[in-house]
Amino acid sequence: MPFALFRRLAPLLAATALCTPSLASAQASDGAMRSALEAARSGNFQQINDAAIRGHELEGYVAYYRLRDRLPNASPQEVLGYISANADAPLGDWMREQAILRYGRAGRYGDLLAVANGVPATTAEQCYYYTAQLGQNPSQAAQGGRELWNVGSSQPDACDTLFSTLRARGDIGDLEIFQRMMLAWENGEDGLVSYLGRQLGPAWSSAVAAQQSVDISPSRLASVGSCVGPNCAGTEDFVRAAVIAGAETSAASALNGWQQVSTRVNLSAQARQSLEREIMYHALRRDQRELLGWIDGALPTQQDAEVFELRARLAIRDRDWGALERTVAAMPAEVQGKARWQYWLGRALTLRGQQTAAQAAFTRAAGQRDFFGFVAADRLGQPYNLNMESHHSSDAERSQVANWPTVRRTEALLRVGQEGLANLEWYHAVRKASPADARRLADYAASRGWHVRLVQTTIVGKMLDALPWRFPEAYRADFQRWGQANAVDPYLLMGIARRESAYNPEALSPAGARGLMQLMPGTAALVGRQVGIGDPGPYGVLDPATNIRLGSTYIRDMIARYSGNRIAAAAAYNAGPHRVDNWLARSPGEFDLFVEEIPFKETRRYVRAVLEYRVVFESLAKGSTQGVQVLTPAEKTARYDAGMVRR
């Protein structure tokens, strides 16, 4: 029980001493369940006191470990009975997955099909499922097996029997082997390419030689790509793979080869689009402006947002506002309508003297909750549009939710110290819930102060406009305390923490950053010594108050380094100050150009998100966007160059 709640209930508990035995019984039951779960996980089932946990909300978890331990010898009827009894919990799905995998490994294919409920989700399960279908439904097994085969990477060992059987039956022949070899070539899987090449029969030896030749020298495509394989059966796959693989090395060479053979191969529109997308992508990544004529001509056939982003950013860097207009006009409607591109369209139109059209573009951007949407609103002198929805449940509704079995299990898992399982239970419930029930779960999480679970609930439940839930008042006192102590805007600190960890105080990044504000160990040690508390160590830095104190001090120093500028400071928090110093040294000057020309995609998104989140936090705190500004006047008018850096 949380301490604050205990304090409120203490007088009531004291006044109702007759209830103590039942409370003690519940606590004893939780203690027995904690021990039972530990024993079950270790396979020490003889240590479990079944009488002490009978009727407990988590009895199904202990039963899960017991039944899983007996697989593959447990009967399908037992498995199906368990799944049915736990259909509203993730346990049912887990048990079906474990049964399929363990029956499959044991070759008990009849049992596997008895517990399967259609085609399973994971690749290993699918391989066992279609292996089981070889004798029951050969045509389905062949179709499913070919789909699993036709990928450009290695598949799990579970697929071996399926693939070898289909090859022996002729359902996977030399053509399918060559097609997979080409997909592996596209993916840069050299070992798989060589392995598959050795599996091909003599009739395909010239095709293997062609692949090896073009892989060494992409310019040879035109001379060897007109007919590949027996009866030219591998030509289309070969050309596609050769161009895509070659584009990574030289987009210009790949384009030249493609243009020479394009009239001789009959690729589908989708295959052509995919192939040309790769050429564009690598050409734009390398600033190969000599290909821009071809790129701009082929761009309208594309649908990939990343290619359009690369072309638009190159136009912005070149200050080629006409090219930017054409690029935005060619974007798919969903991409074109985003605040970012409507803002830049407005900027381009303004610079080209088309004020009416520019105003319309800025207005479209300003209607969105987005960094560039807020900047566009500032240009128009309009209030920010948060597009916020809210939802509140009554106490009676929350009481109903508290008695939902999945909520009772989540609460019980938290009581026995199984937070990871509690999260899995909770998110499973959100995924399975109707939109209305998912919102009831979010409201319950908010009422319980489950900040991490609440934020993730809005993500799993796609509640993008439920801002009070997406941006809860977590650790507000600590943000205000250390923001005030370090003269740093507490809403900026909240925005950083929300972006960095989604309010998970124990978050650990692959790079080693830790805690709410994701401090690297070296940074935490350095700042800890700076403030007089020393190195907090890998676990001390997870304490929320300590983490916020150190993070706020570090961002304070970054703000001071960049003359009070939060854009540069946020970029430095994410990418490091030395990189930002270099970016400023070659920056064009204006704030929006600096943000757009940050070389790292992650940092570009990070800066925009932190400042957008900051606006949301302040607006929620004030109950209005009135007076809230995404940037200060100084940040809008400053010159972003090396002069901003204070050594």
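Nearest heavy atoms, Ala422 versus Leu414: CB-CD2, 3.7 Å. A pairwise comparison of heavy atoms in Thr123 and Pro156 identifies CG2-CD, 3.7 Å as the closest pair. Of all the heavy atoms in Leu542 and Ala507, the pair that sits closest is CD2-O, 4.5 Å. Residue Pro120 comes nearest to Ile100 through the heavy atom pair CG-CD1, 4.0 Å, listed as atom of the first residue, atom of the second, then distance. Here the shortest heavy-atom pairing between Ser501 and Gly515 reads CB-O, 3.6 Å. Taking both residues in full, the closest heavy atoms of Leu421 and Arg41 are given as CD1-NH2, 3.3 Å, listed atom of the first, atom of the second, then distance.
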- Message: Test side chain to side chain contact (heavy atoms under 4.5 Å, CB included) on Tyr613 and Met494; report intermediate values, then the result.
- Response: CA-CA 8 Å; Tyr613 292 177; Met494 294 175 192; over 6 Å; no
- Message: Using salt bridge (Lys or Arg N to Asp or Glu O under 4.0 Å), reason through Glu309 and Arg604 one step at a time and then give a plain yes or no.
- Response: CA-CA 12 Å; Glu309 176 180 355; Arg604 287 196 303 275; 3.3 Å; yes
- Query: Can you list the steps and then say if Tyr130 with Glu147 is a side chain to side chain donor-acceptor pair (under 3.5 Å)?
  - Reply: CA-CA 11 Å; Tyr130 288 122; Glu147 290 174 359; 5.1 Å; no
- Task: Go through the steps to decide whether Glu186 and Glu278 satisfy the test side chain to side chain contact (heavy atoms under 4.5 Å, CB included), and finish with yes or no.
- Result: CA-CA 10 Å; Glu186 291 178 24; Glu278 295 299 314; over 6 Å; no
- Chi angles and distances behind the side chain to side chain contact (heavy atoms under 4.5 Å, CB included) call for Met331, Lys338: CA-CA 10 Å; Met331 290 176 174; Lys338 291 187 179 298; over 6 Å; no
- Task: Kindly determine whether Leu175 and Trp204 satisfy side chain to side chain contact (heavy atoms under 4.5 Å, CB included), including the steps that lead there.
- Result: CA-CA 9 Å; Leu175 177 59; Trp204 288 83; 3.8 Å; yes
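From Asp30, atom CG reaches atom CZ of Arg415 across 4.0 Å, with rounding to the nearest 0.5 Å. The distance from atom CZ of Arg409 to atom CG of Leu58, rounded to the nearest 0.5 Å, is 8.5 Å. Distance check: Asp174 CG to Leu196 CG gives 11.0 Å after rounding to the nearest 0.5 Å. Put simply, CZ on Arg277 and NE2 on His282 are 7.0 Å apart, with the number rounded to the nearest 0.5 Å. The structure places CD of Gln155 at 9.5 Å from CG of Leu192, a figure rounded to the nearest 0.5 Å. Note that CG of Leu67 and CD of Gln98 are 10.5 Å apart. Values are rounded to the nearest 0.5 Å.
The pair Arg240-Asp237 meets the salt-bridge criterion, with a side-chain N (NZ, NE, NH1 or NH2) lying under 4.0 Å from an Asp/Glu carboxylate O. In summary, Arg431 and Asp93 do not engage in a salt bridge, as defined by a charged side-chain N under 4.0 Å from a carboxylate O. A salt bridge links Arg440 with Asp437: the closest approach of a Lys/Arg side-chain nitrogen to an acidic carboxylate oxygen falls below 4.0 angstrom. Ion pairing of Lys601 with Glu306 is present here, as a side-chain N (NZ or NE/NH1/NH2) and a carboxylate O approach within less than 4.0 Å. Taking a cutoff of 4.0 Å between a charged side-chain nitrogen and a carboxylate oxygen, Glu419 and Arg453 qualify as a salt bridge.
Proximity of a side-chain donor or acceptor of Asp171 to a complementary backbone N or O of Ala142 within less than 3.5 Å is not detected. Proximity of a side-chain donor or acceptor of Thr131 to a complementary backbone N or O of Cys127 within less than 3.5 Å is detected. In terms of modelled atom types and a separation under 3.5 Å, the side chain of Glu397 and the main chain of Ser394 share a donor-acceptor contact. When atom types are taken as modelled, the side chain of Asn547 and the backbone of Met517 share a donor-acceptor pair closer than 3.5 angstrom. Looking only at distances, a side-chain donor or acceptor of Glu59 sits under 3.5 Å from a matching main-chain atom of Gly55. Under a 3.5 Å cut-off, the side chain of Gln303 and the backbone N or O of Pro332 do not form any donor-acceptor pair. For Arg180 (side chain) and Asn150 (main-chain N/O), no donor-acceptor pair under 3.5 Å exists by modelled atom type. Side-chain N or O atoms of Gln336 include none that pairs as donor or acceptor with a backbone N or O of Ala330 at under 3.5 Å. The main-chain N or O of Gly60 is found under 3.5 Å from a side-chain atom of Tyr82 such that the two form a donor-acceptor pair. The main-chain N or O of Val455 is found under 3.5 Å from a side-chain atom of Thr458 such that the two form a donor-acceptor pair.
Annotation: cation-pi pair Arg605/Phe371 absent, no NZ/CZ under 6.0 Å from the ring centroid and within 45° of its normal.
Residue Glu248 qualifies as open at atom CD: its count of foreign heavy atoms under 6.0 Å is 12 or below. Within a 6.0 Å sphere centred on CG of Asn231, other residues, nucleotides and ligands contribute 12 heavy atoms or fewer. When the shell of 6.0 Å around CZ of Phe45 is examined, it contains more than 12 heavy atoms from other residues, nucleotides or ligands. Within a 6.0 Å sphere centred on CZ of Arg285, heavy atoms belonging to other residues, nucleotides or ligands number 12 at most. Within a 6.0 Å radius of CD in Glu506, no more than 12 heavy atoms belonging to other residues, nucleotides or ligands are found. Other residues, nucleotides and ligands contribute at most 12 non-hydrogen atoms within 6.0 Å of the CD atom of Glu473.
In this structure the side chain of Leu441 reaches within 4.5 angstrom of the side chain of Trp404, judged on heavy atoms. The shortest side-chain heavy-atom distance between Ile53 and Ser35 does not fall under the 4.5 Å cut-off. Pro76 is listed as a side-chain neighbour of Tyr103, based on a closest heavy-atom distance under 4.5 Å. Inter-residue side-chain proximity for Arg102 and Arg68 is flagged as met; some heavy-atom pair is nearer than 4.5 Å. Side chains of Tyr195 and Ser154 form no contact here, defined as non-hydrogen atoms less than 4.5 Å apart. For the pair Trp94/Asn86, no side-chain contact is recorded, criterion being any heavy-atom separation below 4.5 Å from C-beta on. Considering only heavy atoms from C-beta on, Leu134 stays 4.5 Å or farther from Tyr109 through its side chain. Using a 4.5 Å heavy-atom threshold, the side chains of Arg66 and Ile48 count as touching.
In this structure, Phe163 and Trp149 have perpendicular ring planes: the angle between them is above 60°, well past the 30° mark. Using cut-offs of 30° and 60° on the angle between ring planes, the pair Tyr503 and Phe617 is tilted.
Under 3.5 Å, the side chains of Gln133 and Tyr129 contain a donor-acceptor pair of N or O atoms. Side chains of Tyr606 and Glu500: a donor-acceptor N/O pair is present below 3.5 angstrom, by distance only.
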Exercise answer: donor-acceptor pairs, residues 463-472 side-chain atoms, under 3.5 Å, sequence neighbours excluded:
unit_1 : atom_1 : unit_2 : atom_2 : d
Asp465 : OD1    : Arg369 : NH1    : 3.1
Asp465 : OD1    : Arg369 : NH2    : 3.2
Arg470 : NH1    : Leu464 : O      : 2.8

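Remark: Glu602 engages Asn574 in a side-chain hydrogen bond (donor to acceptor under 3.5 Å, both in side chains) (not counting sequence neighbours).
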